[in-house]
Amino acid sequence: MRYNGTREVSEVMPARTAPLLAAQAVTAGYNGLPVVREVGVQVGPGETVLVIGPNGAGKSTLVKAITGDLPLMSGSIVFRGDEVGRLPADVRAARGIGYVPQLNDVFPTLTVLENLEMGGYRLRTKAVRARIDELCEQFPQLVPLRRRQARTLSGGERKLVAIARALMPQPELLILDEPTANLSPQVANRITSEVIAGIAASGGAVLLIEQRVTLALPVASWVNILVAGRSRHDAPAHTLDAEKIAAEFFFNHNEDEVV
Amino acid sequence: MHTLIQAIGFGIVTASLIAIGAMGFTLQFGLTNILNLTYGVVMTLGAMLGYLVDSVSGVNPWIGVITGGVAGIAATLVIGKGIFPFFVRRGIGLLQVVMLTLGLSLVIQYTIAAIDHGNFYQLSFFPTGPTYHFGPIVITGTELIFIGIAAFLYLSIAGLLHLTRLGKALRAMSVEPGLARSCGIPTRRIVNVTWILSGMLAGIAGIAYVINTNTVDSYSGNDFIAPVLAAAILGQSGSPGGAVVASLLVGCATEIVSAYGGSAYSTVAGFGVLLIVLLARPGNVMSELTKKIEFTV
C-alpha cells in the first residue's frame, strides 16, 4: 500500500515563495557510498520545513551536506540565490545557515555564556553582549545557567543552549537535526511547541529533522518524507496526517517514540 | 629530609622547564589530535639556534631564548602547515600519524647531527646569576628567571584561553571541531595560532632545558621530550593548567629519584609517574588518547 494522500492535493498546492534554501538533486554519503540520492528540499522565508523518515533514511546525511559537514557527491545547494554547495562549513555558517546538530551540539567544557559567545563568533563584541541579553529575554530559562559548564546541563537545558547558540548570529535559516532525540516526552514537547514554534512564529525559516511525527507536524508548514535515501513526498503539512505517515513509513516500528 | 627538600627545590626548577614544553605540547595535541613526536626536534632546533646566536653575537644571552622561541615557531609552521596537512588530507590513521612524526623527528635529528658532526657544545657563557638560599634549597638567579618565565607564560596562556574570543574559540575547537566550524569560527586561523604558540613554547623550552643542563647536542630535545610528553598526557590534553600541575609532579619525581637513586634513573621517573597514574585512573587518560580520530590541520 502506498501513501498517496498527497497526489490529489498537489494540484491545489499553494505556489511557494522564492526559496531561501534550495537543495537540488543532492547525493551525499560516506566513503564514496551515497546515503541520500538526488534528494531535493526547499525552505522559503518564514517556512518550517519538516524532514521525516525512519532511522537510516539519510536525514542527517542530507543536513550535513547542506551545512557543509559532508561534501556533496553531486547536486547543488543554493542559499539566498548563491551556490554554496562547495563552500566550507564555516563560510556557509557565516552566510546565514545556523545549525543545531543532533549530537555534539554544545561545547561541553565551555560555560553556557561562552557557548553563546562562540555562536556569535563573527559578531562584534558589543553585538555579542546585546544578542546574549536578547536571547536570555527570549529564553529566561538560560539566565540561571549562564555560568554553568555545558556538560553539567540536563538534556533539555543543553538543547536549549544549543539552539540559543545557533540563534546568536540571527541566521536566516535554522537547521535542527532531531532536536528532541533522547529527551523525555514533556521536554520534547516544550522544545518543539514552545521553542521551535516560537522561532517559526517570529518569522524565522526552519529546516526541522524529526522522528516524532505527531509532535513536529503541527509546527510544520511543509513536509518532506525521506525513505531509504530518496525523497518520497514533498507536500504542504496540512495535507498530511501523522498517523497515516507513521503507519506507512515507520511500519509501526518503535511507535511510542515515533508518534 | 634535607636531601628531600633540596630535591623538591630542584624539582620545581625542572618542573618549570617541563611545564613550558608540556603547555605547548598539550595545546597542540588538544587541538589537532596529532601526537606530534617532532616536538622533540623542534625543541632541539630552538636550543641549537638559541645557542648559535648567543655564541656568535655574545651580546645578551637572553637573546638566545627569544631566538629559540622564534626558531621553534618557524620549525613548527614548516612541519605543521607544510607536511602534516599533506598526509592528513589522504586520510592517514591514528597510528600512522605517530609513525610519521617519529620518522620525521629522526630524519631531522640526524640531519642536525650530520651538520654539526655530532658534537656537543657547552653553554658556559650563560650567566648563572647570584645564588639564593631558601632554607636548604639553593637556586640561582637564572633558575629563578626560568621559574618566572614559566609562570608568566602559563598566566598569559590561561588569560588568552579564558578571556579572549580567540582563546575561547581555541578551546571550543579542541573539544568540538565540527561544531566550531558551524559557528563560523575560522578553523585555519585558530590552527595557525595554535601551531605558533606551541612552536614558541617548544623553542623556549628547548633553549631553557639546555641552559639548565649546560650542554646542547642534536639529541637534546629528544632527551627532554620524555618528561614533557609524560606531563602533557598526565595533565590531560588541551589543558595548560593540568600540564603545569603534572609538570610539578613529574619534575619533583625526577629530582627525588635522582637525589636518592642516581641521575641515571631520573628520566625513567617521569614515565614512572605516568605509568602509576595510567594504572590508577586509566579511563581518564586513555580515553583522551583513543577517542579522537579526527585530525584538525
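In what follows, chains carry the letters A, B, and so on, assigned in the order in which the sequence lines appear, proteins first and then strands, with residues in each chain numbered from 1.
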Exercise. Heavy atoms only: give me the nearest Gly184(B)-Ala93(A) pair and the separation to one decimal.
Key: N-CB, 3.8 Å

Practice problem: Counting only heavy atoms closer than 4.5 Å, note whether Val100(A) contacts chain B via side chain, backbone, both or neither. | Solution: neither

Quiz item: What part of Leu166(B) gets closer than 4.5 Å to chain A, counting heavy atoms only: side chain, backbone, both or neither?
Solution: both

Quiz item: With sequence neighbours left out, what residues match Ser184(A) under side chain to side chain donor-acceptor pair (under 3.5 Å)?
Solution: none

Check every N and O of chain A against chain B and note each donor-acceptor pair under 3.5 Å, with its distance.
{"from": "Asn104(A)", "atom 1": "ND2", "to": "Glu176(B)", "atom 2": "OE1", "distance (Å)": "3.2"}
{"from": "Asn104(A)", "atom 1": "ND2", "to": "Glu176(B)", "atom 2": "OE2", "distance (Å)": "2.9"}
{"from": "Glu114(A)", "atom 1": "OE1", "to": "Arg171(B)", "atom 2": "NH2", "distance (Å)": "2.9"}
{"from": "Glu114(A)", "atom 1": "OE2", "to": "Arg171(B)", "atom 2": "NH1", "distance (Å)": "3.2"}
{"from": "Glu117(A)", "atom 1": "OE1", "to": "Lys168(B)", "atom 2": "NZ", "distance (Å)": "2.8"}
{"from": "Glu117(A)", "atom 1": "OE2", "to": "Lys168(B)", "atom 2": "NZ", "distance (Å)": "3.0"}
{"from": "Tyr121(A)", "atom 1": "O", "to": "Arg165(B)", "atom 2": "NH1", "distance (Å)": "2.6"}
{"from": "Arg122(A)", "atom 1": "NE", "to": "Gly184(B)", "atom 2": "O", "distance (Å)": "2.7"}
{"from": "Arg122(A)", "atom 1": "NH2", "to": "Gly184(B)", "atom 2": "O", "distance (Å)": "3.1"}
{"from": "Leu123(A)", "atom 1": "O", "to": "Arg165(B)", "atom 2": "NH1", "distance (Å)": "2.4"}
{"from": "Leu123(A)", "atom 1": "O", "to": "Arg165(B)", "atom 2": "NH2", "distance (Å)": "3.1"}

Exercise. Decide if atom CD of Glu137(A) counts as having more than 12 heavy atoms of other residues, nucleotides or ligands within a radius under 6.0 Å.
Key: no

